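Each chain gets a letter, A, B and so on, in the order the sequences are listed, and its residues count up from 1. Keep in mind that the numbers below use all heavy atoms, side chains included, and drop hydrogens, waters and symmetry copies. This structure is a prediction, so every number in the text was calculated from the model and none was measured.
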Amino acid sequence: MFATLSDRLADTFKNLRGKGRLSDADIDATGREIRIALLEADVALPVVKQFVAAVKERARTAEVSQALNPAQQVVKIVHDELVGILGGETRRVRFAKNPPTVIMLAGLQGAGKTTLAAKLALWFKEQGHSPMLVAADLQRPNAVYQLQVNGERAGVTVHAPEPGNGVGDPVAVARGAVGEARRTLHDVVIIDTAGRLGVDADLMQQAADIRDATQPDEVLFVVDAMIGQDAVNTAQAFLDGVGFDGVVLTKLDGDARGGAALSIRSITGRPIMFASAGEKLTDFDVFHPDRMASRILDMGDMLTLIEQAEKAFDADQAAQAAAKLTGQGGEFTLDDFLEQMQAIRKMGSLSKIMGMLPGMGQFRDQLANFDEREIDRVQAIIQSMTPAERANAKIIDGSRRARIAKGSGVHVSEVNLLVERFFEARKMMQSLAKGGGMPGMPGMPGMPGAGKRGKAKHPPKKGKGKRVSGNPAKRAEQQKAAGTKAPVPAADPFGLSAAPEGLGQALDPALDPALDPTLDPALDPNGFDPDEFQLPPEVAKFLK
Amino acid sequence: MAAVGEFFYLVIAIGVLLVALVAGLVGAGVRRSRLRGRGGAGTIAPPQDRTGATAAPPTVEPPTVEVPPATVTPTLERPEGTAGRLVRLRQRLSRSQGTLGRGLLALLSRDRLDEDTWEEIEDTLLTADVGVGPTQQLVERLRTRLRVEGSEAASPREVLREELLTLIDPTLDRTLAVQRAGGRPAVVLVVGVNGTGKTTTVGKLARVLVAEDKQVVLGAADTFRAAAAEQLTTWGERVGVDTVRGPEGSDPASVAFEAVRTGIEQEADVVLVDTAGRLQNKAGLMDELGKVKRVVEKQVPVNEVLLVLDATTGQNGMIQARVFSEVVDVTGIVLTKLDGSAKGGIVVAVQRELGVPVKLVGLGEGADDLAPFEPEAFVDALLGTDA
């Protein structure tokens, strides 16, 4: 099975190499693959059909048939079209001319309205507004209390005249709230309504009544990113029943691909205004169409990966480990190895992280079979060592190995393998670091270790950062970075897009002609595409 | 074994490379913030997990009521028995879902079954969130059967019914293991992602069990979401069931343990443990869930782990089911919000791949809108007939 559209298309186009142009049959095959990929991402069927037709149309044009790599070209077209639809018209919140601005939230049960209300309130508050939350969900037990608690966390006033749990009239509450806000000088009113189903006529009428009573400036439809084909019906029902001006996608921190975003956008034409991704009140942002497109296609997502990494890693620790890797600041020990491994684990399953790296598609099968508990075993082995052994793995002799194996419940051969691989990996890291690619990575002119420790300890370290790279693009980056003095911040898309390139460069075997790539042929039947991510030969060695 | 080992080290090695890469970026961030102003703002916030997040807001501190006094108020509601529920299930399903079955039947009863028709059949199934794989399988089998059996075959409706039933597999055991055994109460753990209706399901399930004259104890191990424990307590009070809860932000495992202990002391029949919603890709939270189960099992084995799936969930439901099964070994699925326009077709894929049966369905907002899942009734309702 193929997991991503790129893989599927690569397979479809495998037999096409050398052909001058794509036949209609080829394009139909492409269309089928795109269809399945989108359906698996939960894009609604009518939208899929429309979309595939549009892509096929574009695929017939010269831009694909003349491209060197039709598969990549088609993927690019699909991605562009997705971004085009998702990001077509974006807009900010419309504020009322005469405050208060009324925002009403509506959606299915469990979409995350109450949580979102508090997030939205905090967001407005940070922008200097004075929001007020209104508890108009009188249906679900203790929804009012939940909103009060969340409101307190966000430091926002909550207007909750009714206790809820089925008591009270939400329309009256909402109507009263607007007057209350005017009186207490709140300029934004956020109305949290009860969850309701699209087919429930009574509750839809109630929502429409709330709308009529408050005349909201924005009605936001809150929808869960993991909703399936039903997104279309639900969105249409809410559009007909209440009418909404914008969409908020929640639970984007899950691993749902979120095809619903595309469905809702193209069926209703309403823009997706916000994305909510996380359980903290600050995990809330405006919507990024390009990331969503990559996500729907399940393409490697370096941005997300790096964001996750930033959350999981302690900056100081990581900088120290990097310094050690490059041979400064002491040896890279098994302790560091263990620490890094645990930090990686915190980011989620290892196979998932690997899957996010571009170009890892070819190892998908192995990744799928990969047993996460292997990590536990390695951890057990390392933790069965004494501190001295961890600091200096060279002292581990035969009898120590036997003891470690006994302590961690593995065979001696596994301890051997670990120790051996650890040395090899360390050597590899150091040779890579010295190879010039890694340290000179764009976006960070200094050595990785120069970040904190390096700067304090060896100020003249700059020499390496100034070294001019052989790669013109990289050189330009370095100069740019040096020119601005302050390195590009980690969240800057420029720095990020450059980073994988730097990695690819670092791993380019051409840098180290002494080591020829000795990839296992079984793993690599088709040969690499030159423009794809390449494994360093040292790493490839492990595959033998 | 060797190959796996080798590959493992490759993965680790790449992982470490990744660390170096990230370290570089983070290092850059450190330097940047140093340039901007000292004040030691150089560190990117350490991983914040739930404990960190919940420790922050000190404003919320609900009273630590260990076991609220079992005030059996005179206005206790008497939940409806299970018998009448199925009737309602059929009504609702036929109302909301009949279109799928009818659409399919209309397609199958055409004179000629050409490619377009088959594609339409496929589309109809896909629209029900059945998923690409199971859809193709079903269509393939339908094709084969109709071709082989020709005109003397049973009506297409029968064939379709049989095939749908095969996919849902009526032979699976769908009873809930809620019998007191060996002097110990049965323990049911309810898990799922955020917003699928776990707390509501626990509340409804408690009512069903009370209707069957069982003694029930609720454990509010959702210590994360604001007001989750109150929500459950409200459900419990309505039918006079005790709810064991801990302070917000406390260890859910300890609350679950406490609930089970209370259950043993009160000689209850069933202990229902509600857990916080967690997205399946949050490794830390999934570990926490594993811990809840392990800790409970120090006293009594967990009889049932119910995964609550929202009927509107698309293909991600499959991943949810797989991951939750790996962590806590799900024994049954509760399909909620089936009264909407969503068809819950993902259940077919889940059962097909994991063999975990759907045991209960949630059909609406009413307190008694929870019914046992019956494949025949489900399929019949799907096909829009009154069987």
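- A donor and an acceptor atom, one from each side chain of Asp230(A) and Thr312(B), are nowhere located under 3.5 Å apart.
- There is no contact between Val323(B) and chain A, counting heavy-atom distances below 4.5 Å.
- In this structure, the portion of Gln136(B) lying under 4.5 Å from any heavy atom of chain A is its side chain and not its backbone.
- Heavy atoms closer than 4.5 Å to chain A are found in the side chain of Ile319(B), but not in its backbone.
- For Leu108(A), the part lying under 4.5 angstrom from a heavy atom of chain B is the side chain only.
- Contact annotation for Gln139(A): only side-chain heavy atoms (C-beta onward) come within less than 4.5 Å of a heavy atom of chain B.
- Residues Gln320(B) and Met226(A) are in side-chain contact: their nearest non-hydrogen atoms beyond the backbone lie under 4.5 Å apart.
- Under the side-chain hydrogen bond (donor to acceptor under 3.5 Å, both in side chains) criterion, Lys198(B) pairs with no residue, sequence neighbours left out.
- In this structure, no portion of Thr196(B) lies under 4.5 Å from any heavy atom of chain A.
- Contacts with chain A were tallied for Gln231(B), Gln280(B), Arg225(B); Gln231(B) has the most, counting heavy-atom pairs under 4.5 Å.
- You'll find the side chain of Arg35(A) stays beyond 4.5 Å of the side chain of Val132(B), heavy atoms only.
- For Leu39(A), the parts sitting under 4.5 Å from any heavy atom of chain B are the backbone and the side chain alike.
- Asn142(A) CG to Thr234(B) OG1: the interatomic distance, rounded to the nearest 0.5 Å, is 3.5 Å.
- A salt bridge is defined here as a Lys NZ or Arg NE, NH1 or NH2 lying under 4.0 Å from an Asp or Glu carboxylate O, and Glu230(B) with Arg140(A) fails to meet this definition.
- Put simply, CG on Asp42(A) and OG1 on Thr313(B) are 9.0 Å apart, with the number rounded to the nearest 0.5 Å.
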Between Lys251(A) and Asn194(B), is the side-chain contact (heavy atoms from CB on, under 4.5 Å) condition met? List the steps.
CA-CA 8 Å; Lys251(A) 302 185 204 167; Asn194(B) 313 59; 4.1 Å; yes

